[in-house]
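Reading through the structure tokens given below for one structure.
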Amino acid sequence: QVQLVESGGGLVQAGGSLRLSCAASGRTFSGYTMGWFRQVPGKEREFVAAISRSGGNTYYANSVSGRFSISRDNAKNTVDLQMNSLKPEDTGVYYCAATTLQHGLDARSVYDYWGQGTQVTVSS
């Protein structure tokens with residue numbers, strides 16, 4: 001089992017920045033590929049970013065590429081999402097997720113563990 005707890009959400013104006021953090025506990029953190037997803041009411045949860053076990057490879061949705069940056073610290077069991085140049089369409093509940101797989105990382109179905117989510121609201 002892996003327990004994931006997100007933090008860092010909040011209200012920010014368009015063009016601003018936020019940094020989300022996800023703290024993991026349980027089994028060896030470095031054995032998991034980590035991802036961030038987001039969801040707004042009435043829509044499916046969508047992929048935002050993912051990072052490989054070592055942190056050497058990162059993946060982004062087209063909508064956030066160049067604005068968001070995912071990173072991890074395996075010594076601290078954390079994965080962060082730095083969000084810059086935020087837009088109102090970035091509003092949603094952001095979820096941290098973990099998987100033992102290394103492919104198909106933009107699909108919700110490959111992730112085994114999820115956090116409870118943190119709300120991000122970007123005002124125009």
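Within the 4.5 Å cutoff, side-chain heavy atoms of Gln116 are placed close to those of Val5. Side chains of Thr33 and His103 form no contact here, defined as non-hydrogen atoms less than 4.5 Å apart. Counting heavy atoms from C-beta outward, Tyr95 and Gln39 have side chains that approach closer than 4.5 Å. A heavy-atom distance below 4.5 Å is found between the side chains of Val120 and Leu18.
From Ile70, atom CD1 reaches atom CD1 of Ile51 across 5.0 Å, with rounding to the nearest 0.5 Å. The structure places OG of Ser63 at 5.5 Å from CD of Glu46, a figure rounded to the nearest 0.5 Å. Put simply, OG1 on Thr78 and CG on Leu4 are 11.5 Å apart, with the number rounded to the nearest 0.5 Å. Rounding to the nearest 0.5 Å gives a distance of 6.5 Å between OH of Tyr111 and OG1 of Thr99.
Of all heavy-atom pairs between Arg67 and Leu86, the closest is NH1-CA, 3.9 Å. Pairing each heavy atom of Leu20 with each of Tyr94, the nearest pair is CD1-CB, 3.5 Å. Contact record, Phe29 with Arg72: O-NH2, 3.0 Å, taken as the closest heavy-atom pair. Taking each heavy atom of Ala98 and Tyr32 in turn, the nearest pair found is CB-CD2, 4.0 Å. Nearest heavy-atom pair, Val79 versus Met34, reported as atom, atom and distance to 0.1 Å: CG1-CE, 3.9 Å. Taking every heavy atom of both residues into account, Leu105 and Leu101 meet most closely at CD2-O, 3.8 Å.
Residue pairs meeting the ring pair (Phe, Tyr, Trp, His ring centres under 6.0 Å) criterion with at least one partner in residues 46-65, sequence neighbours excluded, are Phe37-Phe47.
When hydrophobic clusters are built by joining Ile, Leu, Val, Met, Phe, Trp and Tyr residues whose side-chain heavy atoms come closer than 4.5 Å, directly or via intermediates, Trp36 is not grouped with Val110.
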* **Chi angles and distances behind the side-chain contact (heavy atoms from CB on, under 4.5 Å) call for Val12, Thr121** => CA-CA 6 Å; Val12 64; Thr121 303; over 6 Å; no

- May I have the step-by-step check of side-chain contact (heavy atoms from CB on, under 4.5 Å) for Arg19 and Ser71, ending in yes or no? CA-CA 11 Å; Arg19 188 176 185 89; Ser71 60; 3.6 Å; yes

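Remark: side-chain polar atoms of Asn74 are paired, donor with acceptor, to backbone N or O of Arg53 under 3.5 angstrom. Under a 3.5 Å cut-off, the side chain of Ser52 and the backbone N or O of Asn57 do form a donor-acceptor pair.
Figure legend: cation-pi geometry between Arg108 and Trp114 absent, as NZ or CZ is not positioned both under 6.0 Å from the six-membered ring centre and within 45° of its axis.
Side-chain N/O atoms of Asp80 and Ser21 include a donor and acceptor closer than 3.5 Å. Between the side chains of Asn84 and Ser17, at least one donor N or O lies within less than 3.5 Å of an accepting N or O.
Partners of Thr28 under the side-chain contact (heavy atoms from CB on, under 4.5 Å) rule, at least two apart in sequence or in another chain, are Ser30.
For the side-chain contact (heavy atoms from CB on, under 4.5 Å) with Glu6, the lone residue among Val93, Leu81, Thr118 that qualifies is Thr118.
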